[in-house]
Protein chains: 2
Amino acid sequence: MESRKASKLFEALSSDVRLDVFRLLVRNAPDGLVAGDVARLLDIPATNLSFHLKALTQSGLVTAEREGRFIRYKASIPLMLDVIAYLTSECCSGNPECCRKFREQSSVDPRFLPTR
Amino acid sequence: MESRKASKLFEALSSDVRLDVFRLLVRNAPDGLVAGDVARLLDIPATNLSFHLKALTQSGLVTAEREGRFIRYKASIPLMLDVIAYLTSECCSGNPECCRKFREQSSVDPRFLPTR
DNA sequence: GGGACAGTTCAATAAAACTTGAAATATGTC
DNA sequence: GACATATTTCAAGTTTTATTGAACTGTCCC
């Protein structure tokens with residue numbers, strides 16, 4: 001991944017609304033949700049949600065497909081994983097011992113962290 | 001982590017310049033670099049770099065400490081890992097089999113991915 | 001076709017972020 | 001103290017983003 005692409009992905013996640021939407025879609029992977037469900041669950045006006053869904057979709061982090069009258073949105077988990085790897089893959093210039101120490105300082109379940 | 005905090009962290013990574021700076025500091029963990037080194041390595045005017053270093057520092061993703069005439073900046077790897085976990089921890093509502101399939105679709109080294 | 005529903009686009013405004021040069025602050029050296 | 005170096009702060013202009021209501025498009029069902 002290149003830097004400009006990655007920064008666009010982070011930009012897509014840089015608003016409260018979009019991050020909440022994306023996490024909701026991640027939680028509801030792999031099926032996703034239709035726009036109206038997202039609006040109801042997060043209590044976002046349709047117009048504003050549409051603006052943010054468009055931004056997420058253009059970034060590639062979310063996909064959209066029509067389903068009758070509805071449009072179903074899904075999180076692109078593989079792209080999410082790619083951008084995570086972009087952030088971490090050169091940590092400590094690849095020194096695994098250095099990274100291990102950092103992981104131990106994190107407060108989260110190690111299952112949700114890269115192993116290196 | 002709460003949503004507003006996480007979106008602020010992604011905002012910190014949402015500019016080309018800041019993402020390049022942050023990744024440079026991650027690569028140079030745990031020692032970090034002084035501002036002038038960052039400016040030279042990435043060819044960024046001092047004024048602009050200072051603006052972005054301030055944003056990164058205020059987000060918490062980067063720490064700063066004076067070292068004589070210099071100021072040394074370091075990436076906060078534990079916070080980076082926390083925000084990664086925030087993004088991934090509720091994936092597929094915790095269904096490990098579902099997440100495993102997604103990991104397999106990713107094009108990156110699995111060592112850089114969460115195991116769940 | 002007409003009406004209801006789902007969702008988007010448009011226009012306007014308000015708010016925030018980016019970049020740059022000039023000036024200022026802090027530190028070290030002579 | 002005077003000067004050079006490292007970095008930041010300030011001010012100004014430009015650009016980008018967020019939010020909202022009104023109008024529009026697409027789909028379903030009668």
Side-chain angles (χ1 to χ4, degrees), chain A residues 2-25 28 31-75, chain B residues 2-25 28 31-75:
Chain A
E2 37 174 345
S3 171
R4 284 185 195 167
K5 170 70 174 172
S7 66
K8 289 291 179 196
L9 296 179
F10 289 122
E11 187 186 331
L13 299 174
S14 71
S15 105
D16 279 15
V17 174
R18 286 195 297 271
L19 184 56
D20 288 346
V21 169
F22 183 70
R23 289 231 315 158
L24 182 62
L25 295 177
N28 285 275
D31 295 341
L33 296 170
V34 299
D37 289 342
V38 176
R40 272 182 290 280
L41 288 166
L42 298 181
D43 192 28
I44 302 169
T47 297
N48 196 20
L49 176 60
S50 190
F51 171 83
H52 289 296
L53 280 173
K54 185 178 180 182
L56 281 166
T57 303
Q58 286 177 342
S59 79
L61 278 172
V62 162
T63 62
E65 49 186 318
R66 185 167 280 279
E67 211 171 68
R69 283 198 285 187
F70 305 88
I71 298 184
R72 177 165 297 269
Y73 289 90
K74 300 179 185 178
Chain B
E2 39 175 343
S3 171
R4 284 187 194 165
K5 170 70 174 171
S7 66
K8 289 290 178 196
L9 296 179
F10 289 123
E11 186 185 331
L13 299 173
S14 71
S15 104
D16 278 14
V17 174
R18 286 194 298 271
L19 183 56
D20 288 346
V21 169
F22 183 70
R23 288 231 316 158
L24 181 62
L25 294 177
N28 285 276
D31 294 341
L33 296 170
V34 300
D37 288 343
V38 176
R40 271 182 290 281
L41 287 166
L42 298 180
D43 193 28
I44 302 169
T47 297
N48 196 20
L49 176 61
S50 189
F51 171 82
H52 289 296
L53 280 172
K54 185 178 180 182
L56 281 167
T57 303
Q58 285 177 342
S59 80
L61 278 173
V62 161
T63 62
E65 48 186 319
R66 186 166 279 279
E67 211 171 68
R69 284 197 285 184
F70 305 86
I71 298 183
R72 179 166 295 270
Y73 289 91
K74 300 179 184 178

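Throughout, a chain's letter reflects where its sequence line sits, starting with A, and its residues are numbered from 1. No hydrogens, no waters, no symmetry mates; every other heavy atom, side chains included, goes into these values. Here the structure is a predicted model, which means the values were calculated and not measured.
Ionic pairing of B/R72 and B/E65 is not present here: no N-O contact between side-chain nitrogen and carboxylate oxygen is shorter than 4.0 angstrom. Taking 4.0 Å as the cut-off between side-chain N and carboxylate O, A/R23 and A/D20 do not count as a salt-bridged pair.
Of the candidates A/T63, A/L33, A/D31, A/N28, A/T63 is the only one forming a side-chain contact (heavy atoms from CB on, under 4.5 Å) with A/K74.
In the set C/dC18, D/dG26, D/dA6, the nucleotide with an atom closest to the side chain of A/R69 is D/dG26. In this structure, of D/dA18, D/dT20, C/dT19, it is D/dA18 that holds the atom nearest to the side chain of A/F51. Taking the side chain of B/F70 as heavy atoms from C-beta on, and the options D/dT19, D/dA6, C/dT9, the nearest nucleotide is D/dA6. Distances were taken from every side-chain heavy atom of B/V34 (C-beta onward) to each of C/dT20, D/dT20, D/dT7; the shortest belongs to D/dT7. Side-chain proximity of B/V17 to C/dT8, D/dT7, C/dT19: nearest is C/dT19. Closest to the side chain of A/S50, out of D/dA18, C/dT8, D/dT20, is C/dT8.
The interatomic distance linking B/D16 (CG) with C/dT19 (C1') rounds to 14 Å, in whole Å. One can place CD1 of A/I71 at 14 Å from C1' of D/dC28, the figure rounded to the nearest angstrom. Between B/L33 atom CG and D/dT7 atom P there is a gap of 11 Å when expressed in whole angstrom units. Distance, A/E65 CD to C/dG7 C1': 16 Å, rounded to whole Å. If you take CZ of B/R66 and P of C/dT25, they are 14 Å apart, rounded to a whole angstrom. Atom CG in B/L49 sits roughly 14 Å away from atom C1' in C/dC18 (whole-Å rounding). Atom CZ in A/R72 sits about 19 Å away from atom C1' in C/dT8, given to the nearest Å. Between A/Q58 atom CD and D/dT16 atom C1' the separation is 14 Å, expressed in whole Å.
Taking for each of A/G68 and A/E11 the nucleotide of DNA chain D with the nearest heavy atom, the 5'-most of the two is the partner of A/E11. Of the two residues near DNA chain C, B/S14 and A/A46, the one whose nearest nucleotide lies more 5' is A/A46.
A/D16 and B/S3 are not linked by any side-chain donor-acceptor pair at a separation below 3.5 angstrom, with hydrogens and angles left out of the test.
Counting distance only, with no hydrogens placed and no angle test, the side-chain atoms of A/T47 and the base atoms of D/dA22 include a donor-acceptor pair under 3.5 Å.
Residue A/H52 has a polar side-chain atom (N or O) positioned under 4.0 Å from OP1 or OP2 of D/dT19. The phosphate of D/dA6 has neither OP1 nor OP2 within less than 4.0 Å of any side-chain N or O from B/Y73.
The shortest heavy-atom contact between B/K8 and B/S59 is O-CB, 4.5 Å.
If you check every strand for non-hydrogen atoms under 4.0 Å, B/R18 touches sugar and phosphate atoms only.
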